[in-house]
Amino acid sequence: MAIIKFRGESAVVSVGQQIWDVTVKAIDAASVTLAYKDGEFILKGN
């Protein structure tokens with residue numbers, strides 16, 4: 001599970017979950033990978 005924030009909203013997500021027009025593809029200790037219709041992007045934590 002991971003906590004992500006977008007435009008002032010926060011959500012607890014897990015792999016496979018769809019939220020904000022993206023799908024959570026992977027979660028590890030340092031990042032969350034999100035997939036969307038045109039590709040994917042990686043969120044890196046602090």
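For reference, positions follow the sequence shown, starting with 1. The analysis underlying the following values was restricted to heavy atoms, covering all of them including side chains, and did not include hydrogens, waters or symmetry mates.
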Anything under 3.5 Å between a donor and an acceptor, one on a side chain of residues 30-38, the other on a protein residue two or more places apart or in another chain? List them.
| from | atom 1 | to | atom 2 | distance (Å) |
| --- | --- | --- | --- | --- |
| Ser31 | OG | Asp28 | OD1 | 3.2 |

For Asp21, all residues meeting side chain to side chain donor-acceptor pair (under 3.5 Å), sequence neighbours excluded: none

side-chain contact (heavy atoms from CB on, under 4.5 Å) assessment of Ile4 paired with Trp20: CA-CA 11 Å; Ile4 57 174; Trp20 302 315; 3.5 Å; yes

Joint cluster assignment, Ile42 & Phe6, ILVMFWY side-chain distance < 4.5 Å: no

Donor-acceptor pairs under 3.5 Å, side chain of residues 7-19 to any protein atom, not counting sequence neighbours: which ones?
| from | atom 1 | to | atom 2 | distance (Å) |
| --- | --- | --- | --- | --- |
| Gln17 | OE1 | Ser14 | N | 3.1 |
| Gln18 | NE2 | Thr23 | OG1 | 3.4 |

